[in-house]
Every structure is written in structure tokens, then in C-alpha cells.
Undergrad: 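The structure follows.
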Amino acid sequence: MDLLADDVSAEAVRDILASDYENIEIDEAGFIIIHKDEMHFIIDLDDERKYIRFASCWQKGDSISENRATRVMNTWNKKKVFTTAYFNDDSFWLEFYMTYKGGLNSANLLETLEWFIVGANQFGPMLDDEDAI
């Protein structure tokens with residue numbers, strides 16, 4: 001399915017994702033939430049700037065300082081190309097953005113989400129290895 005940029009909506013994206021993912025919801029704020037492998041993936045659309053944000057979040061553990069948490073994020077960001085990690089409000093965030101200014105192709109959306117999930121499946125264990133969560 002191909003969508004023109006002006007036709008991209010949370011509902012349309014959810015419908016595309018439903019071909020590969022089962023546990024999908026749109027919350028009160030309009031975020032698309034996918035529940036997969038005991039993780040939650042957030043998909044947020046910015047209609048004005050025509051981009052999609054993929055995000056996932058992990059709660060900081062008690063044994064890591066904020067300074068060390070920031071260093072762990074910097075190390076991740078030096079080694080990884082497609083995702084960006086940061087620490088904010090006692091949470092670790094992993095994000096990835098894609099544009100849909102020229103429209104949205106379902107194959108590209110599904111593949112991009114899969115890339116993000118692969119990154120998240122590496123990020124969580126890394127945080128665990130660092131005793132960060």
C-alpha cells in the first residue's frame with residue numbers, strides 16, 4: 001500500500017502495520033503502540049514536518065548515576081548509525097526517524113520498523129549488561 005503524504009494518519013499506519021503485527025493500539029494522545037516481545041514500541045507521526053518517530057523506553061535502575069547513564073548513551077551513539085539513544089527523566093530512550101514527505105510505502109515502513117526493533121533488541125540487553133536497568 002502506498003499513501004500520499006497528506007493521507008498518512010495514525011489509523012492508516014496502524015492498518016499497514018497490522019499486516020505484520022498483532023498487538024497494536026492507538027492511545028489517547030494518538031501514539032501508535034506496538035506490544036512485541038515484552039517490549040513496547042511507540043510510533044508518533046508529525047503531520048507538520050512529515051516524519052515518523054519510532055521510540056522505545058526503559059526505566060533507569062537504582063544502581064546507575066545520571067553521569068554514567070549519559071556516558072553509556074554516548075557510547076551507544078558512537079557505535080550505532082540508525083538509532084539515537086538518550087537519557088531523560090530517569091528513562092533511557094531509543095529513537096529512529098523516517099520521513100514521509102514524498103509519501104509512505106508500506107514495505108519501507110515495515111522494514112524500517114524491523115530495523116528499529118533489531119536495534120531495540122540490542123539496546124535493552126546492553127543496558128542490562130551495564131547494570132543500567
Undergrad: Apart from V118 itself, what residues make up its hydrophobic cluster when side-chain heavy atoms of I, L, V, M, F, W and Y under 4.5 Å apart count as a link, directly or indirectly?
TA: none
Undergrad: Test of understanding: with side chain to side chain contact (heavy atoms under 4.5 Å, CB included), list the residues that count as partners of S65, not counting sequence neighbours.
TA: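 Residues passing side chain to side chain contact (heavy atoms under 4.5 Å, CB included) with S65: N67, R68.
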Undergrad: Who passes side-chain hydrogen bond (donor to acceptor under 3.5 Å, both in side chains) against D44, sequence neighbours left out?
TA: none
Undergrad: Under 3.5 Å, which donor-acceptor pairs do the side chains of residues 10-23 form with other protein atoms, sequence neighbours left out?
TA:
residue : atom : partner : partner atom : Å
S19     : OG   : I16     : O            : 2.8
Y21     : OH   : E114    : OE1          : 3.0

Undergrad: I need the minimum non-hydrogen distance between L127 and V72, along with the two atoms involved.
TA: CD2-CG1, 4.4 Å
Undergrad: Pairs in or reaching into residues 116-129: which pass side-chain hydrogen bond (donor to acceptor under 3.5 Å, both in side chains), with residues at least two apart or in two chains?
TA: K80-Q122
Undergrad: Would Y100 and D47 count as a side chain to side chain donor-acceptor pair (under 3.5 Å) here? Give the steps.
TA: CA-CA 9 Å; Y100 64 90; D47 296 333; 3.2 Å; yes
Undergrad: Looking at CD1 of I133 and CG of D62, how far apart are the two atoms once the value is rounded to the nearest 0.5 Å?
TA: 12.5 Å
Undergrad: What pairs of residues pass the salt bridge (Lys or Arg N to Asp or Glu O under 4.0 Å) test when at least one of them lies in residues 81-101, not counting sequence neighbours?
TA: R53-E95
Undergrad: What residues form a ring-ring contact (aromatic ring centres under 6.0 Å, His included) with F31, not counting sequence neighbours?
TA: none
Undergrad: Got a sec, which residues hit ring-ring contact (aromatic ring centres under 6.0 Å, His included) with F54, two or more places apart in sequence or on another chain?
TA: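 None.
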Undergrad: With rounding to the nearest 0.5 Å, note down the distance linking CD1 in I117 to CG in L94.
TA: 11.5 Å
Undergrad: Can you name the ring-ring contact (aromatic ring centres under 6.0 Å, His included) partners of F96, sequence neighbours left out?
TA: none
Undergrad: I'd like to check I52 versus L109 (side-chain heavy atoms, cut-off strictly below 4.5 Å). Are they in contact?
TA: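 SC-SC contact between I52 and L109 confirmed.
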Undergrad: Please give me the minimum heavy-atom distance between A120 and W58, naming the atom from each residue.
TA: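 Closest pair (atom of A120, atom of W58, distance): O-CZ2, 3.8 Å.
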Undergrad: To the nearest 0.5 Å, how far apart are OG1 in T70 and CG in N77?
TA: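 Those atoms lie 11.0 Å apart.
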Undergrad: In Å and rounded to the nearest 0.5 Å, what is the CD1 to CZ distance from I42 to F116?
TA: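 Here the interatomic distance stands at 8.5 Å.
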Undergrad: Rounded to the nearest 0.5 Å, what separates atom CD in E25 from atom CD1 in I32?
TA: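 Reported to 0.5 Å precision, the distance equals 11.0 Å.
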Undergrad: Are M98 and N108 packed together at the side-chain level, in the sense that at least one heavy-atom pair is separated by less than 4.5 angstrom?
TA: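 Contact flag for M98/N108 side chains = yes.
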Undergrad: Applying ring-ring contact (aromatic ring centres under 6.0 Å, His included), name anything that partners Y97, two or more places apart in sequence or on another chain.
TA: Y51
Undergrad: State, with a plain yes or no, whether a side-chain heavy atom of M73 is found less than 4.5 Å away from one of F123.
TA: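 M73 reaches F123 side chain to side chain.
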Undergrad: Identify, with sequence neighbours excluded, every residue that meets side-chain hydrogen bond (donor to acceptor under 3.5 Å, both in side chains) alongside W76.
TA: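 Here the qualifying residues are T83.
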Undergrad: Sequence neighbours left out, what passes side-chain hydrogen bond (donor to acceptor under 3.5 Å, both in side chains) with H40? Give chain and number order.
TA: H35
Undergrad: Could you measure the distance from the NZ atom of K36 to the CZ atom of F41? Nearest 0.5 Å is fine.
TA: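 Reported value, rounded in 0.5 Å steps: 7.0 Å.
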